[in-house]
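Treat the numbers as computed from the prediction; the structure is a model and nothing was measured. Position 1 is the first residue of the sequence; numbering continues from there.
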Amino acid sequence: MIVWINGASGAGKTSAARELIELIPNSTLFDPEVIGGALTQLLPPKHLAEVSDHQDLPIWRRLVVDTAAALHAEVGGALVVPMTLLRQEYRDEIFGGLASRRIAVHHVLLAPDETILRARAAGRDAAPDPSDGADRADGTDGTMRVRQWSSDPIEPYRTALTGWLGADAHRIDTTALTPYETAERLADAVRTGTAPVCDIVQTPEPTAETLAAGVLLFDEQDRVLLVDPTYKPGWEFPGGVVEPGEAPARAGVREVAEETGIQLTGTPRLLVADWEPPIPPGYGGMRLLFDGGRLDGGEVRMLLPGPELRAWRFVTEEEAAGLLPAVRYARLRWALRARERGTTLYLEAGAPGDGLDA
């Protein structure tokens, strides 16, 4: 398992984590800050200058998941991870990646009084607070983190706390607690289940080519429904991987019901079959898109977002271009042409055979 200790900068996450590994048998401290420090040495300065925090780098988020999984497999037991996560989409991406590897995450928030956080921020003098894990053994100076403190350092935390973070993590008020007392509360919360395992969807990483079924759903203006899943980054069509022995159309209907709560009747019509080539680390496979028909607007607004979704929206074909990856957008374009023509199209990597005109 992983005990993810969240909180604003200055909350004392690393100090509590160091105490916690003494209280949880066979536990190991994993600080993702070391990955950020390594990336400052590995990536070109121009690339680093494009972001204000190393968390904004997709490679950082991928490496956090991969490193945590590899470390967990190597040492076993529990990993204690002190790391601020204030953006829900980053939490979803990282926790979803860990869940796909069947690693349970207990999400705990250290929440001292805001006056304490502000006092620590004021004493930081635009440099990381050593008591909160910034004095890294790897010698990184945290320069990528300084820019985020140029404005109010508490505001992003307060916004997250009143939104998704307050509802997602088990909160511990550490205003009057020492690091050791905080660690005791953390250990007790994990042991008793007061800090439950994060219930983010567990989607296993593929180990071979997969067959996936998506369903296009439309509103009264013929705009198509896109959803933003909690368990992976980016916009998608409702749908998912076809289970062994399951009919693809039935899998699409099942996934729509699981993701959105919308119950489709009948068998949706196949619009496109698109072979997605393997591009490491992905395995590719066959991607099917079905026509789920037009939905009642009132029903959709009542049901969405479902338990697996962060957001949803109906979009035009042009609007979809700005939300979907290129190959997925190409798949959508051809599916819409097939719907208009009342036909089914075969694609490879989002492109049709000869003789077809988009």
Decide, yes or no, whether a salt bridge links E317 with R337 under the criterion of side-chain N to carboxylate O below 4.0 Å.
-> yes
Do D274 and Y346 have side-chain N/O donor and acceptor atoms under 3.5 Å apart?
-> no
How close do G266 and V253 get, heavy atom to heavy atom, and via which atoms?
-> O-CG2, 4.3 Å
Close side-chain approach of L332 to F237, heavy-atom, < 4.5 Å = yes
Is atom CD of E74 surrounded by more than 12 heavy atoms (other residues, nucleotides or ligands) closer than 6.0 Å?
-> no
Side-chain heavy atoms of E19 within contact of E184, under 4.5 Å | no
Nearest 0.5 Å, what's the OG1-CG distance between T175 and D113?
-> 5.0 Å
Any ion pair linking E236 and R328 (charged N to carboxylate O, less than 4.0 Å)?
-> yes
What is the distance from atom CG of L57 to atom CD1 of I35, rounded to the nearest 0.5 Å?
-> 11.5 Å
All heavy atoms of L295 vs all of F314, minimum pair found to be CD1-CZ, 4.3 Å
Linking I/L/V/M/F/W/Y whenever their side-chain heavy atoms sit closer than 4.5 Å, directly or via other members, would I94 and V51 fall into one cluster?
-> yes
In plain terms, say whether R158 and E114 are close enough for a salt bridge, that is, a side-chain N and a carboxylate O under 4.0 Å apart.
-> yes
Is there side-chain contact between L345 and L271, with at least one heavy-atom pair below 4.5 Å?
-> no
Least distance between heavy atoms, W60 atom then P32 atom | NE1-O, 3.4 Å
Side-chain donor or acceptor of T343 paired with backbone N/O of A338 under 3.5 Å = no
Does the side chain of R287 come under 3.5 Å of the side chain of T210 through a donor N or O and an acceptor N or O?
-> yes
How long is the gap from CG on L86 to CE on M83, to the nearest 0.5 Å?
-> 9.0 Å
Full working for side-chain contact (heavy atoms from CB on, under 4.5 Å) between L347 and W275 = CA-CA 6 Å; L347 312 175; W275 179 73; over 6 Å; no
Let me see the working for M1 and H106 under side-chain contact (heavy atoms from CB on, under 4.5 Å), right down to the final yes or no.
-> CA-CA 8 Å; M1 69 173 181; H106 297 265; 3.6 Å; yes
Candidates K13, H170, H107, R91 - the one meeting side-chain hydrogen bond (donor to acceptor under 3.5 Å, both in side chains) with N6 | H107
Do NZ/NE/NH1/NH2 and the carboxylate oxygens of D56 and R61 come within less than 4.0 Å?
-> no
Distance-only donor-acceptor check, side chains T159 and E155, under 3.5 Å = yes
Taking atom CH2 of W4 and atom CG of L85, what is their separation to the nearest 0.5 Å?
-> 4.5 Å
State the CG-OG1 distance between L264 and T267, to the nearest 0.5 angstrom.
-> 10.5 Å
Please check if I5 and L71 belong to a single hydrophobic cluster, counting links between Ile, Leu, Val, Met, Phe, Trp and Tyr side chain heavy atoms closer than 4.5 Å.
-> no
dist E246:CD -> L211:CG (nearest 0.5 Å) comes out at 9.5 Å
Is the backbone of G37 close enough, under 3.5 Å, to the side chain of T40 for a donor and an acceptor to pair up by distance?
-> yes
Yes or no on salt bridge (charged side-chain N to carboxylate O under 4.0 Å, His left out) for D188 and R191, after CA distance, side-chain angles and deciding distance?
-> CA-CA 5 Å; D188 185 67; R191 182 176 59 253; 2.8 Å; yes
same_hphob_cluster(F218, W235) at 4.5 Å side-chain heavy-atom cutoff = yes
Can I24 be reached from L29 by stepping across I, L, V, M, F, W or Y side chains whose heavy atoms are under 4.5 Å apart?
-> yes
Kindly determine whether E319 and R313 satisfy salt bridge (charged side-chain N to carboxylate O under 4.0 Å, His left out), including the steps that lead there.
-> CA-CA 10 Å; E319 291 169 335; R313 65 176 70 174; over 6 Å; no
Could you go through the side-chain contact (heavy atoms from CB on, under 4.5 Å) check for L43 and I59 one step at a time?
-> CA-CA 10 Å; L43 293 176; I59 189 175; 4.2 Å; yes
With hydrophobic residues grouped by side-chain heavy-atom distances under 4.5 Å, do L324 and V272 end up in a single group?
-> yes
Is the NZ or CZ atom of R185 positioned over Y180's six-membered ring, under 6.0 angstrom from the centre and within 45° of the axis?
-> no
Nearest heavy-atom pair of P248 and L288: which atoms, and what distance?
-> CB-CD1, 3.6 Å
Nearest heavy-atom approach of T178 to E181 is N-OE1, 2.9 Å
Between D222 and R294, is there a side-chain N and carboxylate O pair less than 4.0 Å apart?
-> yes
Identify the two heavy atoms, one from G240 and one from E255, that lie closest to each other, and give their separation to 0.1 Å.
-> N-CG, 3.5 Å
For W164, what residues pass the ring-ring contact (aromatic ring centres under 6.0 Å, His included) criterion, not counting sequence neighbours?
-> none
Salt bridge flag under 4.0 Å for residues R254 and E258 = yes
